[in-house]
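One structure is given here, and the rest of the page talks about it.
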Amino acid sequence: MIPLLKFSKSNGKLSNRLIFSIPAGYSCPHAGVCRTTADRTTGEVTDHPPGCSEARGYRCFAAMSEARFPTVRKSRWHNFDQLKAARNIYVDQHPGSPGNYYLAMKDLIMASLDAQPHRDMVRIHESGDFWSEHYMKAWMLVAKEHPQVKFYAYTKSLTMWYHLQDEINDNFYLTASYGGNEDYMLKKFPGLYKRICYVVYTEDEAADRGLEVDHDDSHCFGDKPFALLVHGSQQAGSDASAAIQQRKKDGGFVGYAKK
């Protein structure tokens, strides 16, 4: 029997919801300017590679949590491993229809979710992203079977979203996360990607672009673009680090903490 997946119940930014995560970067096939990974064993950080879609990159806050806390790394890798194990077992047991392995991942997510205390909201991926279309479909099926629960996620996997757009239930909310290698989809299909999140360095930058800054994920249920302020541990000397230090000097927002 495959061990159940692990959920957290809050973080420094969010409360009153279940939060599901998998390893940052390793599960983000379309990450660009934010691509950051923490080594599974040591936690050593690898920053986004040269040649990403923008010169000005920033570290993924979720990867930095993995770098700092071994228990966080362990939990996220556990989830990733079990999802893949469910997929592999299904493929081995159904050689005639291996393409339906999303059913195995759906069943695992369902069983794991049903073992949790009741929550009326689930954030998919504080860390990580939809790493395959079958995996995205598995979550969509889970949402259909829990119509009383709101499921939501930020994603750069825009082609997967496009392919599965007709299977999205009313309680499944996707926000397009700008800064990946599929950003061209946003202009190509503006009617589909109405809710877009842009990471900005200052509140003035958000205002200049006509974007409201979200601090509690409430904009993930709206129908227009919005902004998130870059936060978390950034590379010394980077534009992102300088912006955070200036906000700190000005008494502005610098990050989230449970306190």
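Quick note: residue numbers are just sequence positions, from 1.
In this view, N169 and K144, N171 satisfy the side-chain contact (heavy atoms from CB on, under 4.5 Å) rule, not counting sequence neighbours. With sequence neighbours excluded, the residues satisfying salt bridge (charged side-chain N to carboxylate O under 4.0 Å, His left out) with R40 are D81.
V72 and L5 are not part of a single hydrophobic cluster, where members link through side-chain heavy atoms under 4.5 Å apart. Taking hydrophobic clusters as Ile, Leu, Val, Met, Phe, Trp and Tyr residues chained together by side-chain heavy-atom distances below 4.5 Å, Y184 shares a cluster with F189.
Of the N and O atoms on the side chains of D204 and T202, not one donor lies less than 3.5 Å from an acceptor on the other residue. At a cut-off of 3.5 Å, with distance as the only test, no side-chain donor of K6 or S75 sits close to an acceptor on the other residue. Side-chain contact annotation: T155 with D129, donor-acceptor N/O pair under 3.5 Å present. Of the N and O atoms on the side chains of Y152 and R17, at least one donor lies less than 3.5 Å from an acceptor on the other residue. Side-chain contact of N100 with H134: a donor-acceptor pair under 3.5 Å is absent, judged by distance alone.
The distance from the CH2 atom of W139 to the CZ atom of F151 is 6.5 Å, given to the nearest 0.5 Å. If you take CD on E66 and CD on E44, they are separated by 14.0 Å, rounding to the nearest 0.5 Å. Of the inter-residue distances, the one linking I2 atom CD1 with R87 atom CZ reads 11.0 Å to the nearest 0.5 angstrom. Separation of atoms CD1 (I124) and OH (Y173) is listed at 12.5 Å; rounding is to 0.5 Å. Rounding to the nearest 0.5 angstrom, the gap separating the CG atom in L18 from the CE atom in M121 is 10.5 Å. Note that the CZ atom of R35 and the OG1 atom of T46 stand 10.0 Å from one another [nearest 0.5 Å].
Checked against a 6.0 Å centroid threshold, the rings of H125 and Y135 count as neighbours. For F130 and W161, the ring centers are positioned 6.0 Å apart or more.
No donor-acceptor pair closer than 3.5 Å links the side chain of D92 to the backbone N or O of I89. Using modelled atom types, no side-chain atom of H78 and backbone atom of K74 make a donor-acceptor pair closer than 3.5 Å. Not one N or O on the side chain of T37 forms a donor-acceptor pair closer than 3.5 Å with the backbone of Y26. Side-chain N or O atoms of S127 include one that pairs as donor or acceptor with a backbone N or O of A24 at under 3.5 Å. Between the side chain of S112 and the backbone N or O of L4, no donor-acceptor pair lies under 3.5 Å. Side-chain atoms of N79 come within 3.5 Å of backbone atoms of S21 as a donor-acceptor pair (strictly under, hydrogens ignored). At least one donor-acceptor pair closer than 3.5 Å links the side chain of Q165 to the backbone N or O of Y162. Side-chain atoms of D39 come within 3.5 Å of backbone N or O of T42 as a donor-acceptor pair. In terms of modelled atom types and a separation under 3.5 Å, the side chain of R73 and the main chain of T41 share a donor-acceptor contact. Between the side chain of E182 and the main chain of L158, a donor-acceptor pair closer than 3.5 Å is present.
A tilted orientation is assigned to the rings of H219 and F226, their planes being inclined by 30° to 60°. Taking the six-membered ring where tryptophan is involved, the planes of W77 and F80 are tilted, since the angle between them lies from 30° to 60°.
For CG of N16, the number of neighbouring non-hydrogen atoms (other residues, nucleotides, ligands) closer than 6.0 Å is 12 at most. By the neighbour-count criterion of 12 heavy atoms within 6.0 Å, atom CD of Q148 is densely surrounded, having more than that number from other residues, nucleotides or ligands.
For K156 and Y154, the positive end is not near the middle of the six-membered ring at less than 6.0 Å and at most 45° from its axis. The cationic group of R123 does not satisfy the cation-pi geometry with F20, failing either the under 6.0 Å distance to the six-membered ring centre or the 45° limit from the ring axis.
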If you apply the rule side chain to side chain contact (heavy atoms under 4.5 Å, CB included), what do you find for K150 with D120, and how did you get there? CA-CA 6 Å; K150 285 185 176 181; D120 58 8; over 6 Å; no
Applying side chain to side chain contact (heavy atoms under 4.5 Å, CB included), run through R76 and E126 and close with a yes or a no. CA-CA 10 Å; R76 293 174 181 176; E126 175 188 17; 3.7 Å; yes
Apply side chain to side chain contact (heavy atoms under 4.5 Å, CB included) to the pair Y198 and L228, showing each step before the final yes or no. CA-CA 6 Å; Y198 297 89; L228 295 177; over 6 Å; no
Residue pair F7, I19: steps toward the side chain to side chain contact (heavy atoms under 4.5 Å, CB included) verdict: CA-CA 5 Å; F7 290 78; I19 302 172; over 6 Å; no
Evaluation steps, salt bridge (Lys or Arg N to Asp or Glu O under 4.0 Å), between E205 and R209: CA-CA 6 Å; E205 180 182 350; R209 298 170 68 172; 3.5 Å; yes
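Inter-residue side-chain proximity for E145 and K106 is flagged as met; some heavy-atom pair is nearer than 4.5 Å. With a 4.5 Å cut-off on side-chain heavy atoms, M110 and L108 do not count as touching. Looking at heavy atoms from C-beta onward, Y90 lies in side-chain contact with S97 at the 4.5 angstrom threshold. Within the 4.5 Å cutoff, the side chain of V149 has no heavy atoms near those of the R119 side chain. Using a 4.5 Å heavy-atom cutoff, the side chains of Y101 and N88 are not in contact. R195 has its side chain out of reach of K224: every pair of non-hydrogen atoms, C-beta onward, lies at least 4.5 Å apart.
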